[in-house]
Amino acid sequence: MGKNLLQKVWDQHTVRELPTGQTQLFIGLHLIHEVTSPQAFEDLRGRGLGVRVPSRTFATVDHIVPTHSQERPFVDTLAEEMMVAIETNCGEFGISLFGLDDDRQGIVHVVGPEQGLTQPGMTIACGDSHTSTHGAFGSIAFGIGTSQVRDVLVSQCLAMDQLKVRRIDVTGELAPGVYAKDVILAIIRELGVKGGTGYAYEYGGEAISSMGMEERMSICNMSIEGGARVGYVNPDETTFSYIRGRPFSPGDDEWDEAVKYWNSIASDDDAEFDDEVSFDGAAIGPNVTWGINPGQSVQVDGRLPKVDELPQGERESVREALDFMEFEQGVSIAGTGIDVAFIGSCTNGRISDLREAAKVALGRRVSPGVKALVVPGSRLVGEQAESEGLHEVFLQAGFEWRKAGCSMCLAMNPDKLQGREISASSSNRNFKGRQGSPVGRTLLMSPAMVAAAAIAGEVVDVREMMGG
Amino acid sequence: MGESRITGTSGRAIPVRGDDIDTDRIIPARFLRCVSFDGLGEHAFEDDRKNFSDGKHPFDRAEFQGASILVVNGNFGCGSSREHAPQSLMRWGIKGFIGVSFAEIFFGNCVANGLPCLTLEAAEVEEIQALVESDPGCLLELDVSERRVRVGEKTYSAGLRDGVQRAFLEGLWDSITLLLADAGDIDRVAARLLPLKERP
Ligand code: SF4
């Protein structure tokens, strides 16, 4: 029996077995941002320790940065304090920072791949649960807490428990109007929000291999919403050609050797998996969440569940979700009115996402009363969009065009829902309170579906706006 | 550090019911605007307490003040990796958890802070929650060495992974000492990986 990618990368990065039975794993790339790192640096100072391999840690600012005016000092003094902290910490410990004065600034999971830092066969850690995004390149990438951020800074290693691997095949071809976001929402609905606990998800099959890197990132990004800390896709030509020429990619003289290594770490044809499941990609339609976790979704032409028809064990959480959302059971999701439309985040704030949304917005108008904003995932994504004129398309349609950051994905900056507002959002979490108002409501969907909802003022099937 | 052994904890318990309670609910994002974990204790579950509980959230109820063992249901702590979640609970006074299951990153954050999370069957957890609700004064014992939970006369055998149990019992849960034990090995692994550098 052959090995899967996780086993190979794991072996390659194992420093030793720890007395606890865990593995001491070397971390090839460590990414940090302003929210989960300050306490780690404080801890280092308290212990009189330094950063062991500063050249393998990169920092950016994303969570708290305002997307309107990024002028310093920020109006929010707490946010300003956090900005100063990361600037000071990176300066003092010799870490590269893509700050607000740097063209490379943006959401940490957009920036890593964009700069060519994210490469196949790496172990990647970041104090952020959506680090699984980087698995799209065939790396083993996972979120960690602040104590572990400290561990990586100090030792470039983590104490980790080995993961099992579930192979998820998505066969066939996706229908027009169906995107990576729809695929991952379908997977999470089927396998559950905790179905991935203890597992890494290996995504493969025709539908995945025919996707571009940005779509693969959207899929891997939301692995954690299914409980899987890691999600990855085996590297292939699509991966290599995305990486080639990016600032931190291997140079031309090292390229062939790198590709050889990257090919060698892909899962063997006869690799063993702890579990295998398969989805029919052609059967997946546009999906929309109706509840308070990313597993609670339906196809846009479907209906909300009826509590009495569910197994006993599911009734309570469905009832809680319906109560919170103030939705009737059994009604169709299409036609649900929205107040806010948000296009952005590390799930769907990349250039291909903006292009798809702009196609829908072109020549149309945002429904009166809907506040619609587009927030590019990084400054470079924003510049690319502007060079293609996408910002004009959005502005003419009545969307706001903002600067890069996490924005309304978690609303740590001024972009927040108000009161009971309902938002159509291309982000990854519909938890209670996630978008800034404790009682605000979130419907997750693809960026094209968000654009369609913004224009219709309610949830609609984007395929109806795609000219047949 | 690294020398403090944790064999268990005991005290009064506080039940918080519900599956899939995410870290956004444990500590809402606006409280993450801080450079230190101090002061997070008072904001634990803040939005749930203010908006959905009519003042009856367990964290607000007089009979549960001073409790130190949090009894939860399935997939507790899912979502964001924020260590602010266990930090806020710890600063409120929680020293250990009993639940049906815990999300992985949350679990790891708890271990890193010396907070044991023991698992029981769903029905057992519900039994304990009901008991604590009817008798908030009862004492619970969370035993890491024996992987047991004791409530009054009753003993439940609990789940805790071997490696994690060992880390607690041998005082290895604060991983820095372990990770730096042989720095030469770290350099050897680094040397066999592709370098990470900017193109000229
Ligand atoms: S965009 Fe959202 S999920 Fe992604 S890193 Fe920012 S806050 Fe986290």
Side-chain angles (χ1 to χ4, degrees), chain A residues 13 15-16 18-22 24 26 28-29 35-36 38-39 42 53 55-56 64 76 78-79 81-82 85 117 119 127-129 143-148 151 154-157 159 161 193-194 197-198 227 229 247-251 258 261 293 317 410-412 429 431-434 438-439, chain B residues 1 18-20 22 24-25 28-30 32-37 46-48 50-52 74-75 78-84 86-87 101 103-106 108-109 112-113 161-164 166-167 170 172 175-176 178-180 182-183 185-186 188-190 192-194 196-200:
Chain A
H13 290 80
V15 175
R16 63 194 179 107
L18 294 169
T20 54
Q22 292 178 298
Q24 177 167 353
F26 185 89
L29 174 64
V35 177
T36 55
Q39 297 88 349
E42 248 346 281
V53 191
S55 62
R56 285 189 183 268
I64 55 152
D76 178 348
L78 293 174
E81 192 186 350
M82 297 176 78
L117 289 164
Q119 295 173 18
D128 191 284
S129 60
I144 55 179
T146 299
S147 296
Q148 290 184 302
D151 287 356
V154 168
S155 67
Q156 202 59 35
C157 294
D161 290 299
V193 290
K194 51 184 173 241
T197 310
R229 203 173 178 183
F248 286 87
S249 66
Y261 171 60
N293 72 51
S317 58
L410 95 165
M412 275 187 77
R429 285 191 176 136
F431 298 154
K432 289 180 184 172
R434 173 72 177 185
V439 292
Chain B
M1 292 223 253
D19 287 334
D20 308 318
D22 58 76
D24 275 83
R25 283 171 68 182
R30 61 184 179 281
L32 275 48
R33 284 154 52 249
C34 58
V35 293
S36 132
F37 292 128
E46 176 141 324
D47 288 345
D48 276 8
K50 290 212 168 128
N51 296 289
F52 306 110
N75 201 27
C78 59
S80 148
S81 68
R82 60 188 72 164
E83 193 163 315
H84 307 68
Q87 287 280 354
S101 64
E104 272 166 57
I105 304 180
F106 179 86
N109 284 336
N113 286 287
R161 285 203 302 271
D162 291 348
V164 175
R166 191 149 170 214
E170 297 180 15
L172 305 171
S175 32
I176 286 194
L178 272 186
L179 294 174
L180 289 176
D182 192 343
D185 282 347
I186 301 178
R188 273 188 287 282
V189 172
R192 69 172 180 240
L193 302 174
L194 294 177
L196 187 59
K197 56 177 197 294
E198 194 157 9
R199 293 167 82 101

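Only a predicted model underlies this, so the values are computations on that prediction, with no experimental measurement involved. Numbered from 1 within each chain, the chains take letters A, B, ... in sequence-line order.
One finds the NZ atom of A:Lys194 at 8.5 Å from the SG atom of B:Cys78 (value rounded to the nearest 0.5 Å). Rounded to the nearest 0.5 Å, atoms CD (A:Gln22) and CZ (B:Arg161) are 7.5 Å apart. Atom CG of A:Leu18 sits about 6.5 Å away from atom CG of B:Leu179, to the nearest 0.5 Å. Summarising the geometry, atom NZ belonging to B:Lys197 is positioned 13.0 Å from atom CG belonging to A:Leu117; distances are rounded to the nearest 0.5 Å. The line from CZ of A:Phe431 to CG of B:Asp24 is 6.5 Å long, rounded to the nearest 0.5 Å. Distance check: A:Asp151 CG to B:Leu178 CG gives 9.5 Å after rounding to the nearest 0.5 Å.
Between B:Asp185 and A:Gln24 there is no side-chain heavy-atom pair separated by less than 4.5 Å. The closest side-chain heavy-atom distance from B:Asp19 to A:Ser317 is not below 4.5 Å. Under the 4.5 Å side-chain criterion, counting only non-hydrogen atoms from C-beta, A:Leu410 is in contact with B:Arg82. Inter-residue side-chain proximity for A:Ile144 and B:Ile105 is flagged as unmet; no heavy-atom pair is nearer than 4.5 Å.
A salt bridge is defined here as a Lys NZ or Arg NE, NH1 or NH2 lying under 4.0 Å from an Asp or Glu carboxylate O, and B:Asp182 with A:Arg16 fails to meet this definition. Note on A:Lys432 versus B:Asp47: no salt bridge recorded, every NZ/NE/NH1/NH2 to OD/OE distance being 4.0 Å or above.
Counting all heavy atoms, side chain and backbone alike, B:Glu104 lies closest to A:Gly227 at OE2-O, 4.0 Å. Summarising the geometry of B:Ile186 relative to A:Val15, their closest heavy-atom pair is N-CG1, 3.9 Å, with the distance given to 0.1 Å. Between B:Gly79 and A:Arg429 the shortest heavy-atom distance is C-NH2, 3.0 Å. B:Ser81 and A:Ser129 make their closest contact through OG-N, 3.5 Å (heavy atoms, listed as atom of the first residue, atom of the second, distance). Minimum interatomic distance between A:Met82 and B:Leu32 (heavy atoms only, all atoms of both residues): CE-O, 3.3 Å. Of all non-hydrogen atoms in B:Cys34 and A:Gln39, the two that sit nearest each other are O-NE2, 3.8 Å.
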Worked check of side-chain hydrogen bond (donor to acceptor under 3.5 Å, both in side chains) between B:Arg199 and A:Ser249: CA-CA 7 Å; B:Arg199 293 167 82 101; A:Ser249 66; 2.9 Å; yes
Audit row: B:Glu83, A:Ser147, side-chain hydrogen bond (donor to acceptor under 3.5 Å, both in side chains) steps and yes/no: CA-CA 8 Å; B:Glu83 193 163 315; A:Ser147 296; 2.5 Å; yes
Full working for side-chain contact (heavy atoms from CB on, under 4.5 Å) between B:Leu193 and A:Arg56: CA-CA 12 Å; B:Leu193 302 174; A:Arg56 285 189 183 268; 4.2 Å; yes
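B:Arg33 touches chain A through backbone and side chain together, each having a heavy atom under 4.5 Å away. Proximity to chain A is limited to the side chain of B:Phe52, based on heavy atoms less than 4.5 angstrom apart. For B:Ser80, the parts lying under 4.5 angstrom from a heavy atom of chain A are both the backbone and the side chain. B:Ala167 touches chain A through backbone and side chain together, each having a heavy atom under 4.5 Å away. When heavy atoms are compared at a cutoff of 4.5 Å, B:Asn51 approaches chain A solely by way of its side chain, counted from C-beta outward. The contact between B:Val35 and chain A is made by backbone and side chain atoms together, counting heavy-atom distances below 4.5 Å. Residue B:Arg188: no heavy atom, backbone or side chain, is found under 4.5 Å from chain A.
Of the possible donor and acceptor atoms, none in the side chain of A:Thr20 sits under 3.5 Å from a partner among the backbone N and O of B:Gly163. At least one donor-acceptor pair closer than 3.5 Å links the side chain of B:Arg166 to the backbone N or O of A:Pro19.
The candidate from A:Leu29, A:Thr36, A:Val35 with the greatest count of non-hydrogen atom pairs under 4.5 Å with chain B is A:Val35. In terms of non-hydrogen atom pairs under 4.5 Å with chain A, the most contact-rich of B:Ala112, B:Ala29, B:Pro28 is B:Ala29. By number of non-hydrogen pairs under 4.5 angstrom with chain A, the leading residue of B:Ala183, B:Pro200, B:Gly108, B:Ala103 is B:Ala183. Considering only heavy-atom pairs separated by less than 4.5 Å from chain B, the leading option among A:Gly21, A:Ala411, A:Pro247 is A:Pro247. Chain B forms more heavy-atom pairs under 4.5 Å with one residue of A:Gly251, A:Gly28, A:Ser55, A:Ala85 than with any other, namely A:Gly251.
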